[in-house]
Protein chains: 2
Amino acid sequence: MASEDARSRRTALERDTGNGSKSAGAPPAGAAAQRHIPPASLDRLPVYLRVLTAMLGDGIERVSSDELAEAAGVNSPKLRKDLSYLGSYGTRGVGYDVAYLSGQISAALGLTLTWRVAIVGAGNLGRALAGYPGFGSRGFEVVALLDADPMVIGQEVGWLRISPVDSLEAVLAKTRANMAVLAVPAEVAQDLCDRLVESGITSILNFAPVVLQAPDDVQIRKVDMATELQILAYHAQRSQALRIAERARLAR
Amino acid sequence: MASEDARSRRTALERDTGNGSKSAGAPPAGAAAQRHIPPASLDRLPVYLRVLTAMLGDGIERVSSDELAEAAGVNSPKLRKDLSYLGSYGTRGVGYDVAYLSGQISAALGLTLTWRVAIVGAGNLGRALAGYPGFGSRGFEVVALLDADPMVIGQEVGWLRISPVDSLEAVLAKTRANMAVLAVPAEVAQDLCDRLVESGITSILNFAPVVLQAPDDVQIRKVDMATELQILAYHAQRSQALRIAERARLAR
DNA sequence: TGTTGTGAACCCTTTCACAGCA
DNA sequence: TGCTGTGAAAGGGTTCACAACA
(Lines give C-alpha, C1' and ligand atoms only; values in the text may rest on other atoms or scores of the structure.)
Protein backbone atom coordinates (compact mmCIF):
# COMPACT_ATOMS: atom_id res chain seq x y z
CA MET A 1 0.00 0.00 0.00
CA ALA A 2 1.29 3.40 -0.79
CA SER A 3 0.25 5.25 2.26
CA GLU A 4 1.44 4.92 5.85
CA ASP A 5 3.47 8.05 6.20
CA ALA A 6 5.75 6.16 8.56
CA ARG A 7 8.36 8.85 8.42
CA SER A 8 7.77 11.86 10.55
CA ARG A 9 10.05 14.39 9.06
CA ARG A 10 10.02 17.26 11.42
CA THR A 11 9.74 19.78 8.69
CA ALA A 12 6.49 20.98 10.15
CA LEU A 13 6.86 24.68 9.55
CA GLU A 14 8.63 25.65 12.73
CA ARG A 15 7.21 24.55 15.96
CA ASP A 16 4.37 26.84 16.71
CA THR A 17 2.67 24.39 18.99
CA GLY A 18 0.00 26.95 19.64
CA ASN A 19 0.36 25.87 23.21
CA GLY A 20 -1.23 28.76 25.00
CA SER A 21 -0.16 31.19 22.36
CA LYS A 22 -3.32 33.20 22.44
CA SER A 23 -1.61 36.06 20.78
CA ALA A 24 -1.54 34.16 17.53
CA GLY A 25 -5.27 34.63 16.92
CA ALA A 26 -6.66 33.40 13.63
CA PRO A 27 -3.88 32.80 11.14
CA PRO A 28 -4.34 34.63 7.88
CA ALA A 29 -6.14 32.30 5.53
CA GLY A 30 -3.76 31.05 2.93
CA ALA A 31 -0.62 29.13 3.63
CA ALA A 32 -2.35 27.25 6.45
CA ALA A 33 0.72 25.78 8.05
CA GLN A 34 -1.27 22.99 9.55
CA ARG A 35 0.37 20.35 11.52
CA HIS A 36 -0.36 16.71 10.88
CA ILE A 37 -4.05 15.85 11.21
CA PRO A 38 -4.52 12.30 12.55
CA PRO A 39 -5.83 9.97 9.82
CA ALA A 40 -8.95 8.98 11.71
CA SER A 41 -9.82 12.61 12.15
CA LEU A 42 -8.98 13.47 8.56
CA ASP A 43 -11.46 10.87 7.35
CA ARG A 44 -14.25 12.78 9.04
CA LEU A 45 -13.42 16.32 7.99
CA PRO A 46 -15.08 16.02 4.58
CA VAL A 47 -18.29 15.01 6.30
CA TYR A 48 -18.22 18.05 8.54
CA LEU A 49 -17.49 20.22 5.56
CA ARG A 50 -20.44 18.85 3.66
CA VAL A 51 -22.82 19.37 6.56
CA LEU A 52 -21.55 22.90 7.07
CA THR A 53 -21.97 23.65 3.39
CA ALA A 54 -25.55 22.44 3.53
CA MET A 55 -26.18 24.64 6.57
CA LEU A 56 -24.69 27.59 4.79
CA GLY A 57 -27.11 26.98 1.97
CA ASP A 58 -29.95 26.96 4.48
CA GLY A 59 -28.86 30.29 5.86
CA ILE A 60 -27.71 28.92 9.22
CA GLU A 61 -25.00 31.15 10.62
CA ARG A 62 -24.05 29.57 13.92
CA VAL A 63 -23.90 25.99 15.08
CA SER A 64 -22.96 24.25 18.32
CA SER A 65 -20.78 21.18 18.48
CA ASP A 66 -23.81 19.19 19.58
CA GLU A 67 -25.85 20.19 16.55
CA LEU A 68 -23.01 19.71 14.10
CA ALA A 69 -22.09 16.37 15.60
CA GLU A 70 -25.69 15.20 15.39
CA ALA A 71 -25.91 16.15 11.73
CA ALA A 72 -22.59 14.52 10.94
CA GLY A 73 -23.39 11.29 12.74
CA VAL A 74 -20.68 11.47 15.41
CA ASN A 75 -20.69 12.41 19.09
CA SER A 76 -19.78 15.90 20.13
CA PRO A 77 -16.54 15.30 22.06
CA LYS A 78 -15.16 13.57 19.00
CA LEU A 79 -16.19 16.42 16.79
CA ARG A 80 -14.57 18.98 19.07
CA LYS A 81 -11.38 16.95 19.25
CA ASP A 82 -11.29 16.73 15.48
CA LEU A 83 -11.75 20.46 15.09
CA SER A 84 -9.13 21.15 17.73
CA TYR A 85 -6.50 19.61 15.45
CA LEU A 86 -7.16 22.44 13.03
CA GLY A 87 -7.14 25.21 15.57
CA SER A 88 -9.51 27.01 17.91
CA TYR A 89 -12.17 28.29 15.62
CA GLY A 90 -15.17 28.27 17.95
CA THR A 91 -16.43 30.69 20.55
CA ARG A 92 -16.97 29.36 24.06
CA GLY A 93 -20.49 29.70 25.23
CA VAL A 94 -21.65 30.35 21.67
CA GLY A 95 -20.57 27.82 19.10
CA TYR A 96 -19.02 27.98 15.63
CA ASP A 97 -19.54 30.43 12.82
CA VAL A 98 -20.67 28.21 9.95
CA ALA A 99 -19.06 30.18 7.14
CA TYR A 100 -15.78 30.69 8.94
CA LEU A 101 -15.46 27.11 10.09
CA SER A 102 -16.21 25.67 6.68
CA GLY A 103 -13.60 27.98 5.23
CA GLN A 104 -11.03 26.74 7.72
CA ILE A 105 -11.79 23.10 6.99
CA SER A 106 -11.57 23.76 3.27
CA ALA A 107 -8.19 25.36 3.77
CA ALA A 108 -6.97 22.50 5.92
CA LEU A 109 -7.99 20.00 3.26
CA GLY A 110 -6.21 21.92 0.56
CA LEU A 111 -9.32 22.94 -1.32
CA THR A 112 -8.31 26.55 -1.74
CA LEU A 113 -6.77 25.71 -5.05
CA THR A 114 -8.51 23.69 -7.73
CA TRP A 115 -7.36 20.16 -8.36
CA ARG A 116 -7.34 18.97 -11.95
CA VAL A 117 -8.68 15.45 -12.24
CA ALA A 118 -8.28 13.01 -15.12
CA ILE A 119 -10.78 10.16 -15.20
CA VAL A 120 -9.43 7.03 -16.83
CA GLY A 121 -12.22 4.80 -18.08
CA ALA A 122 -15.42 6.08 -19.66
CA GLY A 123 -17.81 3.24 -18.91
CA ASN A 124 -20.93 3.82 -16.88
CA LEU A 125 -18.84 4.42 -13.80
CA GLY A 126 -16.44 6.86 -15.42
CA ARG A 127 -19.36 8.77 -16.91
CA ALA A 128 -21.17 8.82 -13.60
CA LEU A 129 -18.07 10.30 -12.00
CA ALA A 130 -17.55 12.82 -14.79
CA GLY A 131 -21.10 14.01 -14.35
CA TYR A 132 -21.06 14.01 -10.58
CA PRO A 133 -22.09 17.49 -9.52
CA GLY A 134 -20.12 17.36 -6.28
CA PHE A 135 -16.93 17.26 -8.30
CA GLY A 136 -16.97 20.47 -10.21
CA SER A 137 -18.61 22.33 -7.41
CA ARG A 138 -15.88 22.31 -4.88
CA GLY A 139 -12.20 22.32 -5.59
CA PHE A 140 -12.14 19.67 -8.27
CA GLU A 141 -12.32 20.03 -12.01
CA VAL A 142 -12.52 17.09 -14.37
CA VAL A 143 -10.09 17.98 -17.13
CA ALA A 144 -9.94 14.71 -19.05
CA LEU A 145 -11.92 11.55 -19.66
CA LEU A 146 -10.15 8.69 -21.38
CA ASP A 147 -11.05 5.27 -22.70
CA ALA A 148 -9.55 2.45 -24.73
CA ASP A 149 -12.65 1.60 -26.76
CA PRO A 150 -12.49 3.10 -30.29
CA MET A 151 -16.28 3.17 -30.32
CA VAL A 152 -16.49 5.70 -27.51
CA ILE A 153 -13.36 7.75 -28.17
CA GLY A 154 -14.42 11.12 -29.44
CA GLN A 155 -17.86 11.00 -27.88
CA GLU A 156 -18.86 13.98 -25.82
CA VAL A 157 -19.83 13.64 -22.18
CA GLY A 158 -20.94 16.91 -20.71
CA TRP A 159 -18.24 19.42 -21.58
CA LEU A 160 -15.65 16.75 -22.22
CA ARG A 161 -14.62 14.75 -25.23
CA ILE A 162 -13.36 11.24 -24.56
CA SER A 163 -9.67 10.90 -25.37
CA PRO A 164 -7.85 7.73 -26.36
CA VAL A 165 -6.07 6.13 -23.44
CA ASP A 166 -3.17 5.42 -25.79
CA SER A 167 -2.26 9.05 -25.53
CA LEU A 168 -2.65 9.16 -21.76
CA GLU A 169 0.71 10.78 -21.19
CA ALA A 170 0.10 13.52 -23.72
CA VAL A 171 -3.36 14.25 -22.35
CA LEU A 172 -2.08 14.46 -18.78
CA ALA A 173 0.62 16.86 -19.86
CA LYS A 174 -1.68 19.03 -21.94
CA THR A 175 -4.39 19.26 -19.30
CA ARG A 176 -1.87 19.58 -16.46
CA ALA A 177 -3.88 17.05 -14.45
CA ASN A 178 -2.58 16.47 -10.94
CA MET A 179 -4.99 13.78 -9.79
CA ALA A 180 -6.38 10.70 -11.48
CA VAL A 181 -9.37 8.45 -11.04
CA LEU A 182 -9.16 4.87 -12.25
CA ALA A 183 -12.53 3.55 -13.40
CA VAL A 184 -11.29 0.69 -15.54
CA PRO A 185 -11.47 -3.12 -15.47
CA ALA A 186 -9.27 -4.80 -12.90
CA GLU A 187 -7.05 -6.41 -15.52
CA VAL A 188 -5.65 -3.14 -16.82
CA ALA A 189 -5.65 -1.10 -13.62
CA GLN A 190 -2.09 -1.84 -12.53
CA ASP A 191 -0.69 -1.05 -15.95
CA LEU A 192 -2.51 2.26 -16.08
CA CYS A 193 -1.47 3.03 -12.54
CA ASP A 194 2.15 2.55 -13.56
CA ARG A 195 1.70 4.90 -16.46
CA LEU A 196 0.07 7.52 -14.26
CA VAL A 197 2.90 7.34 -11.78
CA GLU A 198 5.44 7.49 -14.56
CA SER A 199 3.76 10.68 -15.73
CA GLY A 200 4.17 12.23 -12.31
CA ILE A 201 0.67 11.73 -10.88
CA THR A 202 0.92 11.21 -7.11
CA SER A 203 -2.76 11.10 -6.14
CA ILE A 204 -4.93 8.28 -7.43
CA LEU A 205 -8.46 7.25 -6.59
CA ASN A 206 -8.95 3.64 -7.59
CA PHE A 207 -12.32 2.08 -8.33
CA ALA A 208 -10.92 -1.11 -9.82
CA PRO A 209 -11.13 -4.12 -7.50
CA VAL A 210 -7.39 -4.71 -7.22
CA VAL A 211 -4.67 -3.73 -4.79
CA LEU A 212 -2.42 -1.37 -6.71
CA GLN A 213 1.31 -1.41 -6.13
CA ALA A 214 3.00 1.97 -6.27
CA PRO A 215 5.88 3.89 -4.69
CA ASP A 216 5.37 5.22 -1.19
CA ASP A 217 5.16 8.82 -2.28
CA VAL A 218 2.08 8.06 -4.37
CA GLN A 219 -1.16 8.38 -2.46
CA ILE A 220 -3.74 5.81 -3.45
CA ARG A 221 -7.23 5.52 -2.08
CA LYS A 222 -9.58 2.73 -2.97
CA VAL A 223 -13.33 2.66 -3.40
CA ASP A 224 -14.80 -0.76 -3.68
CA MET A 225 -18.46 -1.66 -3.66
CA ALA A 226 -17.90 -5.40 -3.45
CA THR A 227 -15.87 -4.92 -0.28
CA GLU A 228 -18.56 -2.76 1.25
CA LEU A 229 -21.29 -5.24 0.46
CA GLN A 230 -19.26 -8.07 1.93
CA ILE A 231 -18.87 -6.17 5.17
CA LEU A 232 -22.60 -5.54 5.23
CA ALA A 233 -23.15 -9.24 4.65
CA TYR A 234 -21.04 -10.05 7.68
CA HIS A 235 -23.14 -7.88 9.95
CA ALA A 236 -26.40 -9.07 8.45
CA GLN A 237 -25.47 -12.71 8.80
CA ARG A 238 -24.31 -12.04 12.32
CA SER A 239 -27.49 -10.43 13.56
CA GLN A 240 -29.45 -13.11 11.77
CA ALA A 241 -27.49 -15.76 13.63
CA LEU A 242 -28.13 -13.92 16.87
CA ARG A 243 -31.85 -13.83 16.21
CA ILE A 244 -31.91 -17.55 15.52
CA ALA A 245 -29.95 -18.28 18.67
CA GLU A 246 -32.35 -16.11 20.64
CA ARG A 247 -35.34 -17.89 19.24
CA ALA A 248 -33.81 -21.25 20.12
CA ARG A 249 -33.13 -20.03 23.62
CA LEU A 250 -36.71 -18.93 24.09
CA ALA A 251 -38.07 -22.19 22.72
CA ARG A 252 -36.05 -24.11 25.24
CA MET B 1 -21.01 -1.80 27.65
CA ALA B 2 -21.61 -4.35 30.34
CA SER B 3 -21.22 -7.37 28.12
CA GLU B 4 -19.85 -10.36 29.86
CA ASP B 5 -17.82 -11.43 26.84
CA ALA B 6 -15.38 -13.84 28.41
CA ARG B 7 -11.82 -13.07 27.48
CA SER B 8 -11.35 -14.89 24.25
CA ARG B 9 -10.61 -18.50 24.78
CA ARG B 10 -8.41 -20.55 22.63
CA THR B 11 -10.56 -21.25 19.64
CA ALA B 12 -12.62 -18.96 17.53
CA LEU B 13 -15.52 -21.12 16.57
CA GLU B 14 -16.91 -23.14 19.40
CA ARG B 15 -20.63 -23.08 19.93
CA ASP B 16 -21.85 -25.42 17.26
CA THR B 17 -25.46 -26.21 17.95
CA GLY B 18 -24.18 -29.68 18.49
CA ASN B 19 -26.65 -31.34 16.20
CA GLY B 20 -24.75 -34.44 15.26
CA SER B 21 -21.65 -32.38 14.75
CA LYS B 22 -18.48 -34.28 14.25
CA SER B 23 -15.89 -34.12 16.94
CA ALA B 24 -12.51 -32.74 16.02
CA GLY B 25 -11.28 -32.15 12.52
CA ALA B 26 -12.23 -29.53 9.97
CA PRO B 27 -15.46 -27.84 10.87
CA PRO B 28 -18.15 -28.27 8.26
CA ALA B 29 -18.58 -25.04 6.40
CA GLY B 30 -21.87 -23.73 7.53
CA ALA B 31 -23.50 -21.52 10.08
CA ALA B 32 -20.17 -20.78 11.78
CA ALA B 33 -21.43 -18.71 14.68
CA GLN B 34 -18.16 -16.87 14.76
CA ARG B 35 -17.12 -14.67 17.54
CA HIS B 36 -16.83 -10.96 16.90
CA ILE B 37 -14.22 -10.00 14.32
CA PRO B 38 -12.66 -6.59 15.14
CA PRO B 39 -13.87 -3.92 12.70
CA ALA B 40 -10.41 -2.98 11.50
CA SER B 41 -9.73 -6.59 10.70
CA LEU B 42 -13.12 -7.08 9.07
CA ASP B 43 -12.36 -4.24 6.68
CA ARG B 44 -9.42 -6.18 5.30
CA LEU B 45 -10.96 -9.61 4.92
CA PRO B 46 -12.59 -8.82 1.56
CA VAL B 47 -9.19 -7.84 0.22
CA TYR B 48 -7.66 -11.12 1.29
CA LEU B 49 -10.59 -12.96 -0.20
CA ARG B 50 -10.16 -11.24 -3.52
CA VAL B 51 -6.44 -11.96 -3.67
CA LEU B 52 -7.04 -15.58 -2.77
CA THR B 53 -9.73 -15.89 -5.42
CA ALA B 54 -7.33 -14.51 -8.00
CA MET B 55 -4.68 -17.00 -6.89
CA LEU B 56 -7.18 -19.81 -7.14
CA GLY B 57 -7.86 -18.75 -10.69
CA ASP B 58 -4.13 -18.87 -11.39
CA GLY B 59 -3.93 -22.41 -10.08
CA ILE B 60 -1.92 -21.49 -6.99
CA GLU B 61 -2.63 -24.00 -4.24
CA ARG B 62 -0.53 -22.86 -1.32
CA VAL B 63 0.50 -19.46 -0.06
CA SER B 64 2.55 -18.17 2.84
CA SER B 65 1.53 -15.24 5.00
CA ASP B 66 4.37 -13.24 3.51
CA GLU B 67 3.20 -13.76 -0.04
CA LEU B 68 -0.44 -13.16 0.75
CA ALA B 69 0.35 -10.05 2.76
CA GLU B 70 2.48 -8.68 -0.06
CA ALA B 71 -0.30 -9.19 -2.57
CA ALA B 72 -2.88 -7.67 -0.25
CA GLY B 73 -0.78 -4.65 0.57
CA VAL B 74 -0.38 -5.27 4.30
CA ASN B 75 2.45 -6.61 6.43
CA SER B 76 2.50 -10.23 7.38
CA PRO B 77 2.05 -10.01 11.16
CA LYS B 78 -1.11 -8.03 10.58
CA LEU B 79 -2.36 -10.57 8.10
CA ARG B 80 -1.72 -13.43 10.48
CA LYS B 81 -3.42 -11.60 13.32
CA ASP B 82 -6.43 -10.98 11.11
CA LEU B 83 -6.68 -14.60 10.09
CA SER B 84 -6.26 -15.72 13.68
CA TYR B 85 -9.58 -14.07 14.53
CA LEU B 86 -11.25 -16.56 12.22
CA GLY B 87 -9.42 -19.62 13.48
CA SER B 88 -6.24 -21.55 12.84
CA TYR B 89 -6.47 -22.40 9.21
CA GLY B 90 -2.79 -22.51 8.29
CA THR B 91 -0.11 -25.14 8.60
CA ARG B 92 3.06 -24.18 10.44
CA GLY B 93 6.12 -24.46 8.32
CA VAL B 94 4.00 -24.67 5.20
CA GLY B 95 1.47 -21.90 4.79
CA TYR B 96 -2.19 -21.73 3.87
CA ASP B 97 -4.23 -23.81 1.46
CA VAL B 98 -5.64 -21.22 -0.91
CA ALA B 99 -8.95 -22.96 -1.58
CA TYR B 100 -9.60 -23.83 2.03
CA LEU B 101 -8.69 -20.43 3.38
CA SER B 102 -10.82 -18.57 0.87
CA GLY B 103 -13.71 -20.84 1.79
CA GLN B 104 -13.27 -20.01 5.44
CA ILE B 105 -13.15 -16.29 4.82
CA SER B 106 -16.24 -16.52 2.65
CA ALA B 107 -18.03 -18.35 5.42
CA ALA B 108 -16.93 -15.82 8.01
CA LEU B 109 -18.23 -12.99 5.87
CA GLY B 110 -21.57 -14.67 5.38
CA LEU B 111 -21.16 -15.31 1.68
CA THR B 112 -22.31 -18.90 1.79
CA LEU B 113 -25.80 -17.77 1.05
CA THR B 114 -26.68 -15.36 -1.71
CA TRP B 115 -27.70 -11.85 -0.77
CA ARG B 116 -30.47 -10.27 -2.79
CA VAL B 117 -29.69 -6.68 -3.61
CA ALA B 118 -32.03 -3.95 -4.77
CA ILE B 119 -30.41 -0.97 -6.45
CA VAL B 120 -32.34 2.25 -6.03
CA GLY B 121 -31.45 4.77 -8.71
CA ALA B 122 -30.77 3.84 -12.33
CA GLY B 123 -28.57 6.70 -13.41
CA ASN B 124 -25.06 6.07 -14.69
CA LEU B 125 -23.97 5.01 -11.25
CA GLY B 126 -26.87 2.64 -10.65
CA ARG B 127 -26.34 1.08 -14.06
CA ALA B 128 -22.63 0.74 -13.48
CA LEU B 129 -23.38 -1.09 -10.24
CA ALA B 130 -26.03 -3.28 -11.82
CA GLY B 131 -23.56 -4.34 -14.49
CA TYR B 132 -20.63 -4.76 -12.12
CA PRO B 133 -19.33 -8.28 -12.70
CA GLY B 134 -17.97 -8.61 -9.18
CA PHE B 135 -21.52 -8.54 -7.87
CA GLY B 136 -23.11 -11.59 -9.34
CA SER B 137 -19.98 -13.64 -9.00
CA ARG B 138 -19.51 -13.29 -5.28
CA GLY B 139 -22.57 -14.02 -3.23
CA PHE B 140 -24.63 -11.08 -4.41
CA GLU B 141 -27.49 -11.02 -6.85
CA VAL B 142 -29.05 -7.83 -8.10
CA VAL B 143 -32.77 -8.54 -8.00
CA ALA B 144 -34.18 -5.09 -8.67
CA LEU B 145 -33.26 -1.77 -10.22
CA LEU B 146 -35.54 1.17 -9.55
CA ASP B 147 -35.83 4.75 -10.67
CA ALA B 148 -38.19 7.69 -10.43
CA ASP B 149 -37.81 8.95 -13.98
CA PRO B 150 -40.76 7.86 -16.18
CA MET B 151 -38.45 8.01 -19.19
CA VAL B 152 -36.25 5.19 -17.93
CA ILE B 153 -38.82 3.05 -16.12
CA GLY B 154 -39.36 -0.08 -18.10
CA GLN B 155 -35.98 0.05 -19.84
CA GLU B 156 -33.92 -3.10 -19.72
CA VAL B 157 -30.45 -3.11 -18.21
CA GLY B 158 -28.81 -6.47 -18.57
CA TRP B 159 -31.31 -8.99 -17.27
CA LEU B 160 -33.24 -6.43 -15.33
CA ARG B 161 -36.12 -4.15 -16.12
CA ILE B 162 -36.18 -0.83 -14.32
CA SER B 163 -39.09 -0.61 -11.88
CA PRO B 164 -40.81 2.55 -10.69
CA VAL B 165 -39.54 3.69 -7.34
CA ASP B 166 -43.14 4.50 -6.40
CA SER B 167 -43.70 0.81 -5.96
CA LEU B 168 -40.51 0.30 -3.98
CA GLU B 169 -42.25 -1.55 -1.17
CA ALA B 170 -44.00 -3.96 -3.53
CA VAL B 171 -40.83 -4.63 -5.49
CA LEU B 172 -38.83 -5.32 -2.32
CA ALA B 173 -41.49 -7.75 -1.15
CA LYS B 174 -41.80 -9.53 -4.47
CA THR B 175 -38.07 -9.90 -5.01
CA ARG B 176 -37.40 -10.68 -1.34
CA ALA B 177 -34.46 -8.28 -1.40
CA ASN B 178 -32.47 -8.19 1.84
CA MET B 179 -29.95 -5.49 0.97
CA ALA B 180 -30.24 -2.19 -0.80
CA VAL B 181 -27.91 0.17 -2.62
CA LEU B 182 -28.80 3.85 -2.76
CA ALA B 183 -27.53 5.47 -5.96
CA VAL B 184 -29.81 8.49 -5.96
CA PRO B 185 -29.42 12.25 -5.61
CA ALA B 186 -28.68 13.50 -2.12
CA GLU B 187 -32.02 15.28 -1.79
CA VAL B 188 -34.09 12.10 -1.88
CA ALA B 189 -31.70 9.72 -0.15
CA GLN B 190 -33.02 10.12 3.39
CA ASP B 191 -36.61 9.65 2.29
CA LEU B 192 -35.76 6.49 0.40
CA CYS B 193 -33.68 5.26 3.29
CA ASP B 194 -36.69 5.66 5.56
CA ARG B 195 -38.84 3.67 3.15
CA LEU B 196 -36.24 0.92 2.92
CA VAL B 197 -36.01 0.66 6.69
CA GLU B 198 -39.79 0.69 6.94
CA SER B 199 -39.85 -2.25 4.55
CA GLY B 200 -37.50 -4.21 6.77
CA ILE B 201 -34.20 -3.68 4.96
CA THR B 202 -31.38 -3.60 7.52
CA SER B 203 -28.31 -3.40 5.24
CA ILE B 204 -27.83 -0.33 3.10
CA LEU B 205 -24.92 0.79 0.96
CA ASN B 206 -25.20 4.53 0.40
CA PHE B 207 -23.61 6.34 -2.54
CA ALA B 208 -25.45 9.59 -1.96
CA PRO B 209 -23.35 12.32 -0.35
CA VAL B 210 -25.41 12.65 2.82
CA VAL B 211 -25.23 11.24 6.30
CA LEU B 212 -28.26 9.00 6.62
CA GLN B 213 -30.12 8.76 9.90
CA ALA B 214 -31.48 5.33 10.72
CA PRO B 215 -32.11 3.08 13.73
CA ASP B 216 -29.11 1.40 15.29
CA ASP B 217 -30.05 -2.04 14.06
CA VAL B 218 -29.75 -0.87 10.46
CA GLN B 219 -26.26 -1.22 9.03
CA ILE B 220 -25.31 1.59 6.72
CA ARG B 221 -22.06 1.91 4.85
CA LYS B 222 -21.13 4.93 2.81
CA VAL B 223 -19.15 5.24 -0.39
CA ASP B 224 -18.26 8.75 -1.32
CA MET B 225 -15.92 9.85 -4.07
CA ALA B 226 -15.90 13.50 -3.05
CA THR B 227 -14.71 12.55 0.41
CA GLU B 228 -11.96 10.39 -1.01
CA LEU B 229 -10.76 13.10 -3.34
CA GLN B 230 -10.70 15.62 -0.53
CA ILE B 231 -8.51 13.34 1.55
CA LEU B 232 -6.18 12.93 -1.41
CA ALA B 233 -6.11 16.69 -1.78
CA TYR B 234 -4.99 17.04 1.82
CA HIS B 235 -2.03 14.75 1.32
CA ALA B 236 -1.11 16.28 -2.02
CA GLN B 237 -1.21 19.79 -0.65
CA ARG B 238 0.76 18.65 2.34
CA SER B 239 3.62 17.06 0.47
CA GLN B 240 3.62 20.05 -1.83
CA ALA B 241 4.01 22.33 1.19
CA LEU B 242 6.79 20.11 2.49
CA ARG B 243 8.64 20.31 -0.80
CA ILE B 244 8.41 24.07 -0.77
CA ALA B 245 9.59 24.28 2.82
CA GLU B 246 12.45 21.96 1.99
CA ARG B 247 13.48 24.08 -0.93
CA ALA B 248 13.40 27.18 1.25
CA ARG B 249 15.52 25.44 3.84
CA LEU B 250 18.12 24.46 1.29
CA ALA B 251 18.20 27.94 -0.14
CA ARG B 252 18.90 29.35 3.26
C1' DT C 1 13.93 -26.10 8.96
C1' DG C 2 10.29 -22.81 7.98
C1' DT C 3 6.15 -20.74 8.91
C1' DT C 4 2.08 -20.07 11.70
C1' DG C 5 -0.26 -18.29 15.86
C1' DT C 6 -0.15 -15.21 19.76
C1' DG C 7 1.03 -12.77 24.23
C1' DA C 8 2.85 -8.32 25.27
C1' DA C 9 4.47 -3.72 24.28
C1' DC C 10 3.57 0.18 21.90
C1' DC C 11 0.87 3.52 19.58
C1' DC C 12 -3.29 5.65 17.98
C1' DT C 13 -8.24 6.73 18.80
C1' DT C 14 -12.10 7.60 21.52
C1' DT C 15 -14.25 8.97 25.62
C1' DC C 16 -14.65 11.59 29.74
C1' DA C 17 -14.66 15.31 32.78
C1' DC C 18 -13.82 19.72 33.58
C1' DA C 19 -11.02 23.96 33.09
C1' DG C 20 -11.33 28.14 30.46
C1' DC C 21 -13.62 31.72 28.53
C1' DA C 22 -17.39 34.62 26.08
C1' DT D 1 -24.71 30.49 32.34
C1' DG D 2 -23.34 27.77 28.33
C1' DC D 3 -20.33 25.79 25.19
C1' DT D 4 -15.63 25.13 23.58
C1' DG D 5 -11.00 23.18 24.04
C1' DT D 6 -8.10 19.79 26.10
C1' DG D 7 -5.47 16.91 29.43
C1' DA D 8 -6.00 12.26 31.17
C1' DA D 9 -7.94 7.71 31.19
C1' DA D 10 -9.77 3.95 28.70
C1' DG D 11 -10.11 1.23 24.80
C1' DG D 12 -8.57 -0.74 20.27
C1' DG D 13 -5.24 -1.68 16.76
C1' DT D 14 -0.57 -2.65 15.18
C1' DT D 15 3.93 -4.36 15.72
C1' DC D 16 7.27 -7.40 17.58
C1' DA D 17 9.46 -11.34 19.04
C1' DC D 18 9.22 -15.88 19.76
C1' DA D 19 6.93 -20.22 21.17
C1' DA D 20 4.66 -23.94 18.88
C1' DC D 21 4.66 -27.24 15.65
C1' DA D 22 4.20 -29.75 10.82
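Here the structure is a predicted model, which means the values were calculated and not measured. Each chain gets a letter, A, B and so on, in the order its sequence line appears, and its residues count up from 1.
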Rounded to whole angstrom units, what separation is found between the [atom1] atom of [X] and the [atom2] atom of [N]?
X	N	atom1	atom2	value
B/Leu45	D/dG13	CG	P	13 Å
A/Leu79	C/dT14	CG	P	12 Å
B/Ile37	D/dG12	CD1	C1'	16 Å
A/Leu86	D/dG5	CG	P	10 Å
B/Lys78	C/dC11	NZ	P	16 Å
A/Asp66	D/dT1	CG	C1'	15 Å
A/His36	C/dT13	NE2	C1'	12 Å
A/Tyr89	D/dT6	OH	C1'	16 Å

Check: B/Leu182 and B/Phe207 side chains under 4.5 Å, non-hydrogen atoms: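 No. Closest side-chain heavy atoms not under 4.5 Å.
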Min side-chain heavy-atom separation B/Trp115-B/Ser203 under 4.5 Å: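 Of all side-chain heavy-atom pairs linking B/Ser203 with B/Trp115, none is under 4.5 Å.
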Atom pair CG (A/Leu192) and CD (A/Glu198), whose distance is rounded to the nearest 0.5 Å: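 Nearest 0.5 Å value for the CG-CD distance: 13.5 Å.
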Salt-bridge present (B/Arg249, B/Glu246; N to O < 4.0 Å):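 Here B/Arg249 pairs with B/Glu246 in a salt bridge, since their nearest N and O are under 4.0 Å apart.
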Carboxylate-amine/guanidinium contact A/Arg80 A/Asp66, below 4.0 Å: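 Between A/Asp66 and A/Arg80 there is no salt bridge, as every charged N stays at least 4.0 Å from the carboxylate O atoms.
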Side-chain N or O of B/Tyr96 closer than 4.0 Å to phosphate OP1/OP2 of C/dG5: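 So the side-chain polar atoms of B/Tyr96 do come within 4.0 Å of the phosphate oxygens OP1 or OP2 of C/dG5, strictly under.
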Closest-nucleotide 5' rank along DNA chain C - winner of A/Pro38 and B/Ser88: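 By nearest-heavy-atom nucleotide position, the 5'-most residue is B/Ser88.
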Least distance between heavy atoms, B/Ala208 atom then B/Ala189 atom: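 Smallest heavy-atom distance, with atoms named: CB-CB, 3.6 Å.
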Listed pairs, N/O of protein and of nucleotides 16-22 of chain D, under 3.5 Å:
| residue | atom | partner | partner atom | Å |
| --- | --- | --- | --- | --- |
| D/dA20 | N3 | B/Arg92 | NH1 | 2.8 |

Step-by-step side-chain hydrogen bond (donor to acceptor under 3.5 Å, both in side chains) determination, A/Gln230 to A/Tyr234: CA-CA 6 Å; A/Gln230 288 173 3; A/Tyr234 168 79; over 6 Å; no
Nearest-neighbour nucleotide for the B/Ser64 side chain, D/dT14, C/dT6, C/dT4 considered: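 Looking only at heavy atoms from C-beta outward on B/Ser64, the closest nucleotide is C/dT4.
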Sugar-phosphate only, base, or nothing, as touched by A/Arg62 at under 4.0 Å among non-hydrogen atoms: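 The answer is nothing, as A/Arg62 stays clear of every strand by at least 4.0 Å.
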